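Sequence lines set the chain letters: A, B, ... in the order given, protein chains first and strands last, and positions in each chain run from 1. As the structure is a computational prediction, the values presented were derived from the model and not from experiment.
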Amino acid sequence: MGKPKFAFYWCASCGGCEETVLDLNEKILEVVDKVDIVFWPVALDFKRKDIEVMKEGEIDVAFINGAIRTSEQEEMAKLLREKAKLVVAFGACAQLGGIPGLANFWVRSDIFDRIYKKVPTVANPEGVVPQQVVEMDGYKLTLPEFYDTVKTLDQTIPVDYYLPGCPPPPDLIMNAIETILKGELPEKGTVLAPDKALCDTCPRNETKPEKLSIKDIKRPHEVIIDPEKCFLAQGIICLGPVTRSGCGERCINANMPCRGCMGPTSEVRDQGAKAVSFIASILGVEDEEKLSEEEVQKLIDKIVDPAGTFYRFSLPASLLRRRRK
Amino acid sequence: MINKVIELSEQNLYACYQCGKCSAGCPSVKLMDIMPNQVIRYLQIGKPDKVLQCKTIWICASCYTCSVRCPRGIDLTRVMEAIRLIQLRKNIDYIKVREISEDVLVSVPQIALVAEFRKHTA
Amino acid sequence: MEPRIGVFVCHCGINIASTVDVKRVVEAIKGYPGVVHAEDYVYMCSDPGQELIRSRIKEKKLNGVVVAACSPTLHEATFRNTVSQVGLNPYRCEIANIREHCSWIHTDRDKATEKAIKIVKSIVEKVKLNDELLPISIPITKRALVIGGGIAGIQAALDIANAGYEVILVEKNPSIGGHMAQLSETFPTLDCAQCILTPKMVEVGQHPNIKLYNYAEVEDLSGYVGNFKVKIRLKASYVDWSKCVGCGVCMEKCPTKVPSEFEMGLTTRKAIYVPFPQAVPNKPVIDRENCLYFKTGKCRICEKVCTFGAIKFDEQDEFVEEEVGAIIVATGYELYPIEKIGEYGGGKYKDVINGLQFERLLSASGPTGGGVQRPSDRKVPKRVAFVSCVGSRDPELHKPYCSKVCCMYLTKHAMLYKHRVPDGEPIVFYIDIRSDGKGYEEFVQRAQEEEHVTYIRGKVSKIYEDNGELVLLAVDTLTGEPLEVRVDMVVLGMAIVPSPAVYELAKKLKIQIDANGFLTEAHPKLRPVETLTPGIFLAGCAHAPKDIPDTVAQASAAASKVLEMFSQKELQHDPMVATVDEDRCSGCGVCVTLCPYGAREIEVKDGKRVAKVNEAKCEGCGSCIAGCPAGACQQRNLKDEQLVNMVKAVLE
Amino acid sequence: MKIFYYPGCTLKTQARNFECSAMEVMKLLGYELVELNRWNCCGTVYSLASDDLIHKVAPIRNLVRVKEQGGDKVVTLCAMCYNTLKQANVFFNSDQEARDKINSFMDTEIDYEGDVEVLHLLTVLRDEVGFDNISKKVVRKLNHIKVAPYYGCLLLRPSTVAIDDAENPSIMEELLHALGVETIDFPYRNECCGTYNTVSAVDLVIDRTYRIVGLARNLGADVIVTSCPLCQFNLEVRQKDVKERFPEFEQLPVIYFTQLMGVALGVPTERLGFELNHIKPKVLMEL
């Protein structure tokens, strides 16, 4: 038996997930030693047709990052699903839709209008927007279809495991690879990360007051943030309580609040909704009885872009998935 | 009839519990043939004729005393106006303008005349 | 466990059956997965109905029961008890509410039946995943706290103390007695209020089981049913009561006079005072607000004249903590202020007084020694108007509710006035006469037939003063005549409002108050003396306006509820509480903030914060579960999985 | 300072004394009442039926004039005008549908957004001028007379437009005290005078006048002060009719509060329009 065959593919994402593979540093050499990478468009010159000729199940693991936004991404995901024994959704975009998923607050026409016509740096007097098919000089040029809605990977194909994060932290990646190589596979559908919220490992957890209450909401640039104290206790919205741990508290250690990239814990169906619910639970509770309707509204209004704050990484995976008409 | 009055006056006449506070404080009640609370009562028990034929609605001077004191929040001033309008809209004047004497016409202030015509003529 | 669920559909006479096709519900549920038996019966809660459930459990080896009937608040306990009699865990029995949630609110029989079927299916789904639970046992401190020393608090405290349990009685004023101590005589028997009340006050003061904290207020409450910890503020009285013998010299010599609260401002008291001669305890306090020494730094006359050295100007408020198992709130009422009734002068006419002021004028111990004299010039009024429903039954401007006692006490006032001033003319203005208590209607009849009190049906519109007389613009709605009545004095039957302190107190005790500020009972019919917070009961006018007999009855009822609790070894608490999956909990603390019962706290285990549930305090409201950002909280027998299945059953 | 001023019909005819005294007084206090151009009758009584929008056009049109002429508030003297304009404005702000209808009906005017404040001179004197400042300008001592302040109905009712508490108002008393005048506690100060019944039910007005003026006199008042031309007429001119019926009845002068202010602030009495008062307030004129 030869070495296990791995494939990497990049759908709608920023590319950070591809780079993070390299963050394994010298460990990547161990990996390469143990596996055959049969497909990795960003690094190796294998083409779609090379996959198409493979047998079903010939690839052992396909790591797919990014959300599904175009028909090409959908086709590739389906192709890899057919050829791979295991599919791992790699990173927040594949798992939850990620930042590209915020596009679900609009529809395709809005997005094209903005990107190709209204962005201040765009000069497009003829109002050209991408077309799926263009005929020119007898040639037919095609582009993949740009879908109205961004989907998560598992809304497109069945997914076996998830590696959360934006991007997934190297130790979790390494852990996952080792687990797969050893064949000690957990239950299908498992997120390959701890199942507790970030507060569990947060170095600031002990600094929480007995009763958490937000009197006034502050954005990180508005205050000098105490580097020791719980963000929420400082009035800064931190999604730590509603986000899976395992990220290595990278943001927290850089004195920035958690933005939720690791997704929710396994018991939570809708990270954004839970986030809204928990923030609402602690917002202004101390003076609850004294606050007038207007004062409450004023307090809530200090959350700039609530949808983007609470669903930053998880809109396509939420119960509503997208803006409804 | 009660429904028409309710529609025009936007007051819930069924809320009246006949305490009589409207009548007790009414500055014009002495000259009225039925008392303000009875106006509502006759409507409640379905005797609109009593109300349409009464002098009370014309004596009411729209001073709002009853309205500000009513424990059930009924603006009786508006109720009186509604009933007056039901009559006036049949083109029935309460006063005959021609019969107003010259003396009165020249002596009373304009606001009295305009108000009188507004309230008592179609 | 393979589900073997029985569904029992109740007709509730025609309450359900007239709108819901009960037979169709039975047929529809018969084939539903997990259901092995279904049938209907006309009154499921009756003895034959319950027997039917018991025998089917045995015959069909049921391991779960759904009773489709009325609201669970009514009969959940009944049916859970039924199933447990034949060995089924009571928490494997659930109620599907097809009455309040269905038959009573719909008219379309077809659609209502469809809805009933869905409700039953969803409850079947719930029962499938219900765990067998055991009630939670909680220890119980067999001491009671009674807040408020009026007749309600006195009665409740005595009942509990006489049953052999200790009572802590907290009264904010210097003396117990409340408003009843101000009354002259009581309707309908004309018993002297002092004669029936003061012996009880003395009994409280001397009772070995009653610890009285007068001039004290509840500062804070923690703990839970059976195990409350109450912090009590003992307001500084500046008098060492252990040294004071109550000789009264200090009060005599004190130079500062202020309006007497007890006498309703009709006369004055000193800055060091006992509210009234029959006070219990009969020890003075210094009113810091008005005391010359506290205001100017000079005086201290009381200190000089006190031969016992009992005056202590440097005294501070003190705090004591007491542990109690049950609490009765009896904070009483106040009269709605005359100032709010602009059309009756808004308080500017001295001879327009309220009912309690008139009680003091009638009282033998009052400022006039029981002779009726009007406040402005001490003249004996020859005509007195008594006006009922002042600020009451007035949703537009004042209070929407009836004050319950004014009809009766104004009748009593008119009668007593007539006794004191035989040639006097009492006129009572009323809208309706509400005389529904025992002997009350006879009392009113006596006032009319024997005392010839004039009753005029009609609400007074305005009161003003003219030439030393009071003019009432009124109407006789029975004759249809406007009236202008001139009298010497007016007594207003003011609306009754809860004691203003009750709002803060309710917050401390975490009990509910209604839109009018009165305490809310747990159920208006079946649990009238309990609050929704277990272990806290209510009595008297803090709950709603009521007369003395009702107050005393309610106080005894509250006491008996307390005694019922104390008669048990341990308290049983509903096990449908929140649980924490410690493997999931990150210790973020949101649940602690959310919990309205103080049942959640953070514990540090192996250096990590983990939330825990105090099961005795948890009322299973579900706030923490909804709020838990990590999904680490679940509620027993209302797990997410159950809820999802229930929703699916409805949406199917 | 300039304030737009809406006179209304009677201020230009029978109640010229109200207008001229107000002008004099305001001038003295450093304010100019600028009469609104092209004002029309307010309708005098506010129409109360739910379906009657047309009668709300007249008062609203006056508020449109204020807007057109660059103002955002307008002051009235006549209590009836105040009430009608104010009630119309309150209604206009509470019912969007009605607002649209009225605006489309008045199609030659600019659309009215309900943003003109309707004020009565009494509130302007209290809130803008300040009773303290008025007090400082008093030059004539009037401590020898007792005044019965009479509000009537329309400054106090309905509650949506009231300038003060309906049962126990105090604004007029406060003004009078600032002028150094003693007031009586006058229970009838908010009782109706019988208003337009003076045309067709004069008996009612005679009865009201007898009671109101009678009580004021009983309570020791030397003069009644009011703010409504119709109240003034009923309480003053109808005293003649009262006297016919009750010969023992003693007359009492009824003047506008601005006239009394004028006296206190030192405006020459001949400029205060007393010639239009049927019962001369001699106690004031002979100072």
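- In the model, B/Q53 has no side-chain atom that pairs as donor or acceptor with a side-chain atom of B/D49 under 3.5 Å.
- Side-chain contact annotation: D/D100 with D/Q96, donor-acceptor N/O pair under 3.5 Å present.
- Residue with the most contacts toward chain D among B/V114, B/T77, B/V68, B/V108: B/V108 (heavy-atom pairs, distance under 4.5 Å).
- If you measure heavy-atom distances from B/C66 to chain D, you find no contacts under 4.5 Å at all.
- For B/A82, no part sits under 4.5 Å from any heavy atom of chain D, backbone or side chain.
- Per-residue heavy-atom pair counts under 4.5 Å with chain B were compared for D/L156, D/T195, D/V237, D/L204, and the maximum is reached by D/L204.
- A cation-pi contact, defined as under 6.0 Å to the ring centre and within 45° of the axis, is absent between B/K119 and D/Y196.
- At a 4.5 Å heavy-atom cutoff, the contact between B/L31 and chain D is made by side-chain atoms alone.
- With a 4.5 Å cut-off on non-hydrogen atoms, B/L105 does not touch chain D at all.
- Only the backbone of B/V106 comes within contact range of chain D, judged by heavy atoms closer than 4.5 Å.
- Of the two parts of D/C78, only the side chain, counted from C-beta on, holds a non-hydrogen atom closer than 4.5 Å to a non-hydrogen atom of chain B.
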>> Between B/Q44 and B/R41, does the side-chain hydrogen bond (donor to acceptor under 3.5 Å, both in side chains) criterion hold? Intermediate values first, please.
In response: CA-CA 5 Å; B/Q44 283 176 334; B/R41 188 68 197 146; 2.8 Å; yes

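- The contact between B/V104 and chain D is made entirely by side chain atoms (from C-beta outward), counting heavy-atom distances below 4.5 Å.
- For B/S101, no part lies near chain D; criterion is any non-hydrogen pair under 4.5 Å.
- Taking the six-membered ring where tryptophan is involved, the planes of D/Y210 and D/F249 are tilted, since the angle between them lies from 30° to 60°.
- Proximity to chain B is limited to the side chain of D/D207, based on heavy atoms less than 4.5 angstrom apart.
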> Does the side chain to side chain contact (heavy atoms under 4.5 Å, CB included) test come out yes or no for D/I102 and D/M106, once each step is laid out?
Replying inline: CA-CA 6 Å; D/I102 295 173; D/M106 305 183 299; 4.0 Å; yes

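- Annotation: D/K280, atom NZ; neighbour count of heavy atoms from other residues, nucleotides and ligands within 6.0 Å is above 12.
- A salt bridge links D/E173 and D/R189; the closest N-O separation between the charged side-chain nitrogens and carboxylate oxygens is under 4.0 Å.
- Only the side chain of D/L154 has a heavy atom closer than 4.5 Å to any heavy atom of chain B.
- In this model, a donor atom of one side chain and an acceptor atom of the other lie less than 3.5 Å apart for D/R238 and D/T198.
- Considering only heavy-atom pairs separated by less than 4.5 Å from chain D, the leading option among B/G25, B/S28, B/C26 is B/S28.
- Side-chain polar atoms of D/Q232 and D/N17 form no donor-acceptor pair below 3.5 angstrom.
- Proximity to chain D (any heavy atom under 4.5 Å) is shown, for B/E116, by both the backbone and the side chain.
- Between chain B and the residues D/C153, D/P158, D/C41, D/C192, the most heavy-atom pairs under 4.5 angstrom are made by D/P158.
- With a threshold of 4.5 angstrom between heavy atoms, B/L8 approaches chain D through its backbone and through its side chain.
- Contact of B/Q110 with chain D is made through backbone and side chain together, with heavy-atom distances under 4.5 Å.
- The greatest number of non-hydrogen atom pairs below 4.5 Å with chain D, out of B/L113, B/I111, B/I100, is found for B/I111.
- Stacking of B/R84 on the aromatic ring of B/Y94 is not recorded, the 6.0 Å distance cut-off and the 45° axial limit not both being met.
- Per-residue heavy-atom pair counts under 4.5 Å with chain B were compared for D/K12, D/M80, D/E167, and the maximum is reached by D/E167.
- D/F18 and D/Y256 have parallel rings, their planes meeting at less than 30° on a 0 to 90° scale where 60° marks the start of perpendicular.
- Per-residue counts of heavy-atom pairs under 4.5 Å with chain B were compared for D/N83, D/N190, D/N197; the largest is that of D/N197.
- Residue B/S67: no heavy atom, backbone or side chain, is found under 4.5 Å from chain D.
- Inspection of the B/Q11 and B/D75 side chains reveals no N or O donor paired with an N or O acceptor under 3.5 Å.
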